[in-house]
**Student:** 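Structure incoming, see below.
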Amino acid sequence: MRSTEIKPEMDGERVIIAGWVHEVRDLGGLVFIVIRDRDGFIQITLPKKTVNLEMFKKAKKISRESVIKVEGIVKREDKAPNGFEIIPDIFEILSESHSPLPLEVTEKVPADLETRLDNRFMDLRRPKVSSIFRIKSQISKSIRDFLSNRGFIEVHTPKIVSTATEGGTELFPISYFEREAFLNQSPQLYKQILMSAGLEKVFEIGPIFRAEEHNTTRHLNEATSVDIEMSFVDHEGVMEILEEMVKKVYGNVIEKCEKQLKTLEIELEVPKTPFKRITYTEAIKILENKIPWGEDLDLQALKTIGNEIGGFYFITEWPTKIKPFYVMPFEDDRICKSFDLMYGYIEIASGAQREHRYEKLLENIKRRNLYPESFEFYLKAFRYGIPPHAGWGLGLERLIMAMLGLSNIREAMLFPRDRTRLVP
RNA sequence: GCCCGGGUGGUGUAGUCCGGCCCAACAUGUGGGCCUGUCGAGCCCACGCCCCGGGUUCAAAUCCCGGCCCGGGCGCCA
């Protein structure tokens, strides 16, 4: 049974419980062992007088974090945590833990993130840490449910690719038999091809790889991207889906992850939709023109804007020049139908209505000094009938970071990959 | 990649400025002992550490140079 399935009302019942030895409190003639499982803690109590002596000695010697299985009787006891304890008659050691431990699961002594990540298997035994990933699981599930209910088809595009999405970011080269290939930075090109294929609404939750040598608390070299692409809509249409999805995800987490939120001491509120929208030009005004129109907003700028607005908001109508070749410009082609979803100063998602006119797209690629030949597999899909379409990509770990107020994005990844970390 | 700060028992810190008083301190842990109501149990005893490589000096955890790594800030970044 799980720790949470046992109640004081089960007084006298025989139960089997298994888990990790969280703590041993040896009082001499009375030994308390706190067993931890996925859901919580349970105390087993061994009074020397009443339990088998051999078992008593074995239990007394058990090392912390060993995995044990205990069979015994539930005893209602006001002096015990949660109002009950288990008096064992069978005590089995499934796996003995070595010592000393690489870090303290009990949180009596803090550990650096570095130490924690080096020993992630043990770090994840801490309820606070595992709660993050229980919530992440719920978020993925909510996103799948939400998009599926809206008629989106889940797809899986290749992660080994021949070319960059837009030439900006650095790619990880890999050896692909006799050729060079790369790890994909984004499913962008493929999900657009699927619009030509007539799938109409697609989504993908998958890994993306960036070979940037950045070293910050909000960048990873391997992250999870939630991507959608949708035909016959403009940027406004997919912005609405995005904000409703975020709202739904918050609602689901509040409803289904009550325990995890409590463990993390976080009180969540469902954000109100529609989210605030400011244009790039308005953003520049907030900055009192410290950034010249046409330049990208740097971190300091985003912090100023984030402080000003707060919570979730969109920045829309970006200068065409600083956005990728596949975005659709307005009639005034200095600005484009592109948007970023922000939370404070963190960019959570970005999207746009796409340029679906073949000639314009080709022109954009050339103008950015990219090679149309390497995009031929993509461009081809635009020559035989492709609907107008729009989409976005959302950084799953960024969303979690925003939701749970994590100070480092690595906290939102089980086994993060960064500039120096490749193991575990 | 740049700037600043840092690397001390398994873990987290003090000591470094101003070299010797440090065969390095505290907490937690580990081993042992006492203890029948713990819930960060308590008490007693013991164990365990100066990132790597050079240099300065009678003497280096401490100063200098290089490397690796970490933290903060930034840059780069659909």
Side-chain angles (χ1 to χ4, degrees), chain A residues 22-34 41-51 56 60-61 63-65 75 77-83 85 87 97-119 122-123 164-171 184-189 191-192 208-221 223 225 227 229 296-303 318 322-327 336 338-341 347-352 354 368 391-395 398 407-408 410 418-421:
Chain A
H22 192 246
E23 278 183 294
V24 180
R25 278 189 275 274
D26 180 0
L27 273 64
L30 184 66
V31 176
F32 299 103
I33 296 178
V34 178
F41 301 95
I42 199 158
Q43 176 173 292
I44 68 166
T45 304
L46 297 100
K48 193 175 184 177
K49 271 189 199 163
T50 52
V51 300
F56 180 80
K60 215 178 154 103
K61 287 270 170 242
S63 56
R64 292 193 311 153
E65 296 304 319
K75 188 182 161 210
E77 174 58 71
D78 292 338
K79 283 178 279 187
N82 303 318
E85 60 196 12
I87 313 295
S97 172
H98 290 214
S99 62
L101 302 170
L103 53 86
E104 292 292 321
V105 179
T106 54
E107 303 185 359
K108 282 179 199 169
V109 180
D112 285 345
L113 183 60
E114 177 73 4
T115 308
R116 292 172 45 209
L117 292 176
D118 281 340
N119 301 284
M122 186 150 288
D123 185 44
T165 304
E166 47 240 71
T169 191
E170 292 292 323
L171 300 179
N184 205 188
Q185 65 178 98
S186 151
Q188 182 63 29
L189 270 26
K191 59 182 188 167
Q192 285 193 263
I208 53 166
F209 305 91
R210 304 282 165 95
E212 295 297 336
E213 298 196 350
H214 37 47
N215 187 219
T216 77
T217 52
R218 67 209 116 74
H219 290 277
L220 291 166
N221 293 293
S225 182
D227 272 88
E229 203 65 29
D296 209 351
L297 305 176
D298 61 25
L299 191 71
Q300 206 49 52
L302 291 173
K303 280 183 176 169
W318 289 79
I322 56 172
K323 288 289 175 182
F325 67 80
Y326 49 74
V327 304
C336 64
S338 170
F339 60 86
D340 281 5
L341 174 65
E347 181 189 331
I348 305 288
S350 86
R354 320 301 189 185
R368 279 158 219 262
W392 42 253
L394 173 147
R398 291 262 180 103
S407 58
N408 194 318
R410 281 159 250 245
D418 62 31
R419 185 65 245 279
T420 49
R421 181 174 293 279

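We name chains A, B, ... by the order of the sequence lines, and we start the count at 1 in each one. All of these numbers come straight from a predicted model, not from anything done at the bench.
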**Student:** Quick check for you: among B:U38, B:A78, B:G75, whose closest atom lies nearest to any side-chain atom of A:Leu27?
**Tutor:** B:U38
**Student:** Using atom P in both nucleotides, what's the gap between B:G55 and B:U62 to the nearest angstrom?
**Tutor:** 14 Å
**Student:** Which sits closer to the 5' end of RNA chain B, A:Asp78 or A:Thr50, going by the nucleotide each is nearest to?
**Tutor:**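 Closest to the 5' end, via its nearest nucleotide, is A:Thr50.
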**Student:** Hey, does the side chain of A:Lys108 come within less than 4.0 Å of B:G29's phosphate (OP1/OP2), counting only N and O?
**Tutor:** yes
**Student:** Could you tell me whether A:Glu107 contacts a base, only the sugar-phosphate backbone, or nothing, with contacts defined as non-hydrogen atoms closer than 4.0 Å?
**Tutor:** nothing
**Student:** Identify whether any heavy atom of A:Ser350 sits under 4.0 Å from a base atom; if not, whether one sits that close to sugar-phosphate; answer base, sugar-phosphate or nothing.
**Tutor:** base
**Student:** Taking the nucleotide of RNA chain B with the nearest heavy atom to each, does A:His219 or A:Asn408 sit closer to the 5' end?
**Tutor:** A:Asn408
**Student:** Can a side chain N or O of A:Gln300 be found less than 4.0 Å away from OP1 or OP2 on B:C74?
**Tutor:** yes
**Student:** So A:Lys49, base contact, sugar-phosphate only, or nothing? Heavy-atom distance under 4.0 Å.
**Tutor:**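 Since a base atom lies under 4.0 Å of A:Lys49, the category is base.
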**Student:** Identify the nucleotide, in any strand shown, that forms a Watson-Crick or G-U wobble pair with B:C74, with both distances under 3.5 Å; if there is none, say none.
**Tutor:** B:G1
**Student:** Quick one: look up who B:A46 pairs with, Watson-Crick or G-U, both distances under 3.5 Å, and put none if it's unpaired.
**Tutor:** B:U30
**Student:** Base, sugar-phosphate, or nothing: which does A:Pro81 touch, judged by heavy atoms less than 4.0 Å apart?
**Tutor:**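 The residue A:Pro81 makes base contact.
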**Student:** Within less than 4.0 Å of OP1 or OP2 of B:C74, is there a side-chain N or O belonging to A:Lys303?
**Tutor:** yes
**Student:** B:C64 and B:G48: how far apart are their P atoms, nearest whole angstrom?
**Tutor:** 31 Å
**Student:** Across all strands shown, which nucleotide pairs with B:A14 by Watson-Crick or G-U wobble geometry, both distances under 3.5 Å?
**Tutor:**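 Check on B:A14: unpaired, no WC or wobble geometry under 3.5 Å.
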**Student:** May I ask you to say what A:Arg419 touches in the nucleic acid, namely base, sugar-phosphate or nothing, with a heavy-atom cut-off under 4.0 Å?
**Tutor:** sugar-phosphate
**Student:** Using a heavy-atom cut-off of under 4.0 Å over every strand shown, decide if A:Thr216 touches base, sugar-phosphate, or nothing.
**Tutor:** base
**Student:** What does A:Ala352 touch in the nucleic acid at a heavy-atom separation under 4.0 angstrom: a base, only the sugar-phosphate, or nothing?
**Tutor:**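 No contact.
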**Student:** For the side chain of A:Pro324, starting at C-beta, report the closest nucleotide among B:A78, B:G40, B:G12.
**Tutor:** B:A78
**Student:** When we call it a touch if two heavy atoms are under 4.0 Å apart, what does A:Lys191 touch: a base, just sugar-phosphate, or nothing?
**Tutor:**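 The residue A:Lys191 makes no contact with any strand.
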**Student:** Identify whether any heavy atom of A:Asp112 sits under 4.0 Å from a base atom; if not, whether one sits that close to sugar-phosphate; answer base, sugar-phosphate or nothing.
**Tutor:** sugar-phosphate
**Student:** Regarding A:Glu85, tell me which of base, sugar-phosphate or nothing describes its non-hydrogen contacts under 4.0 Å with the strands shown.
**Tutor:** base
**Student:** B:G72 phosphate, OP1 or OP2: any side-chain N/O from A:Thr217 under 4.0 angstrom?
**Tutor:**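 For B:G72, OP1/OP2 do not have a side-chain N/O of A:Thr217 under 4.0 Å.
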**Student:** Would you say B:C70 has OP1 or OP2 under 4.0 Å from some side-chain N or O of A:Thr420?
**Tutor:** yes
**Student:** Looking at every strand, decide which applies to A:Glu114 at a 4.0 Å heavy-atom threshold: base, sugar-phosphate, or nothing.
**Tutor:**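 Sugar-phosphate only.
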